[in-house]
Novice: 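Take this structure, written in C-alpha cells, and hold onto it; I'll ask about it next.
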Amino acid sequence: MEADAYNNKCNNTRDDKSSDKCDDTCDTEYPDTEYRMLEADEISRELFRNFERHQVVEDCWRRENGEWVIRKDPFTDQWSEEDYAFLVTCLQRTVRTGGVLFAAFADRQLKGFVSVEPELFGKNREYMDLSSLHVSEELRGRGIGRKLLYLAADWAKKQGAGKLYLSTHSAVETQAFYRAMGCREAMEYHRGHVEAEPYDIQMELELSAVVNNN
C-alpha cells in the first residue's frame, strides 16, 4: 500500500472522533494525570485495555447550501477489536516515521492520547496533521483533551509547522471543544481526509496563537 493511501486509511480509523467536552469542568484538570511521549515499542493492544472509546452522538453540524446547520443524526461510536489492532499499527507507524504520540495516564492507565504526523504539507508547507485526539469516555470534560492538544501544538511548532490540520468529528459537543481551543475551518482542505471522512469538519489551529499556561 502506498504511503498516502495508508495514511488516509489510518486517519479514517482515528480522526479525532472524541475529545473533551468544553463544559464547566474544562478548567479543572483531572488530578494526578501524567503526560508523556510514547515510544513505538510501548504501543500495544494492552495499552488501551482500560480506554473507553464509547461516544453517543445526537446532533451534528452539516453543511447545506453553503451554510453550517445542526441536524439530528443519532449514532454510537465504538471501536471493535479490529479497530484497536489497526489503531496500534497506525500509531506505531506514526512514531517510527518521525511523528509523535503523547499519552495521558490516570492511575497508571491510558486515558487519552494525541498523535501528529511528521510531514509538512499544504501550499506553503505550513501544516502538520493532528491525526488523532481521543479521551476515554469517563474522563471527558476534565481538561485532558485540552492539555494533549497543547502538547501536540508545542511539538509541531518546534518542528517548523505554522498550523495543525484536524479532520474533526462533526458532533456538536466535539465542535464546541475545538472552537473553544481556537480551531477554525481550514483555509486549505486535505483531499485525502475529505474523501475518507466526508462528514468530518476540516479545521486548522494557528500555532502562533496557542498559549499553553500549563
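Just so you know, residue 1 is the first one in the sequence shown, and it goes up from there.
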Novice: Not counting sequence neighbours, which residues clear salt bridge (Lys or Arg N to Asp or Glu O under 4.0 Å) with Glu188? List them please.
Specialist: none
Novice: Ser167 pairs by side-chain contact (heavy atoms from CB on, under 4.5 Å) with which of Asp129, Asp200, Val194?
Specialist: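 For Ser167, the side-chain contact (heavy atoms from CB on, under 4.5 Å) check succeeds only for Asp200.
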Novice: With sequence neighbours excluded, tell me which residues meet side chain to side chain donor-acceptor pair (under 3.5 Å) with Lys158.
Specialist: Asp154
Novice: Partners of Asn50 by side chain to side chain donor-acceptor pair (under 3.5 Å), sequence neighbours excluded?
Specialist: none
Novice: Between His190 and Tyr127, is the ring centroid distance below 6.0 Å?
Specialist: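 So the answer is no for these two rings.
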Novice: How about Phe113 and Phe48: are their ring centroids closer than 6.0 Å?
Specialist: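 Centroid distance Phe113-Phe48: below 6.0 Å, so yes.
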Novice: Check side-chain contact (heavy atoms from CB on, under 4.5 Å) between Val95 and all other residues, then give those that pass, not counting sequence neighbours.
Specialist: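 Applying side-chain contact (heavy atoms from CB on, under 4.5 Å) to Val95 gives Ala40, Ile43, Leu101.
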Novice: My understanding is that only residues two or more places apart in sequence, or in another chain, count here; which of them pass side chain to side chain donor-acceptor pair (under 3.5 Å) with Glu64?
Specialist: Arg71
Novice: Applying salt bridge (Lys or Arg N to Asp or Glu O under 4.0 Å), name anything that partners Arg63, two or more places apart in sequence or on another chain.
Specialist: Glu185
Novice: Apart from Tyr199 itself, which Ile, Leu, Val, Met, Phe, Trp or Tyr residues share its cluster (side-chain heavy atoms under 4.5 Å, direct or through members)?
Specialist: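 Once heavy-atom contacts under 4.5 Å are chained together, Tyr199 still belongs with nothing else.
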Novice: Identify, with sequence neighbours excluded, every residue that meets salt bridge (Lys or Arg N to Asp or Glu O under 4.0 Å) alongside Glu206.
Specialist: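 Checked Glu206 against salt bridge (Lys or Arg N to Asp or Glu O under 4.0 Å); matches are Arg184.
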Novice: Quick one: list whatever passes side-chain contact (heavy atoms from CB on, under 4.5 Å) with Glu46, sequence neighbours left out.
Specialist: Ser44, Arg49
Novice: Among all residues two or more places apart in sequence or in another chain, which pass the salt bridge (Lys or Arg N to Asp or Glu O under 4.0 Å) test with Glu137?
Specialist: none
Novice: With sequence neighbours excluded, what pairs up with Gln92 under the side chain to side chain donor-acceptor pair (under 3.5 Å) test?
Specialist: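 Partners of Gln92 under the side chain to side chain donor-acceptor pair (under 3.5 Å) test: none.
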Novice: Name all pairs fulfilling the salt bridge (charged side-chain N to carboxylate O under 4.0 Å, His left out) condition that reach into residues 96-116, sequence neighbours left out, sorted by first residue then second.
Specialist: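 Those involving residues 96-116 are Lys111-Glu138.
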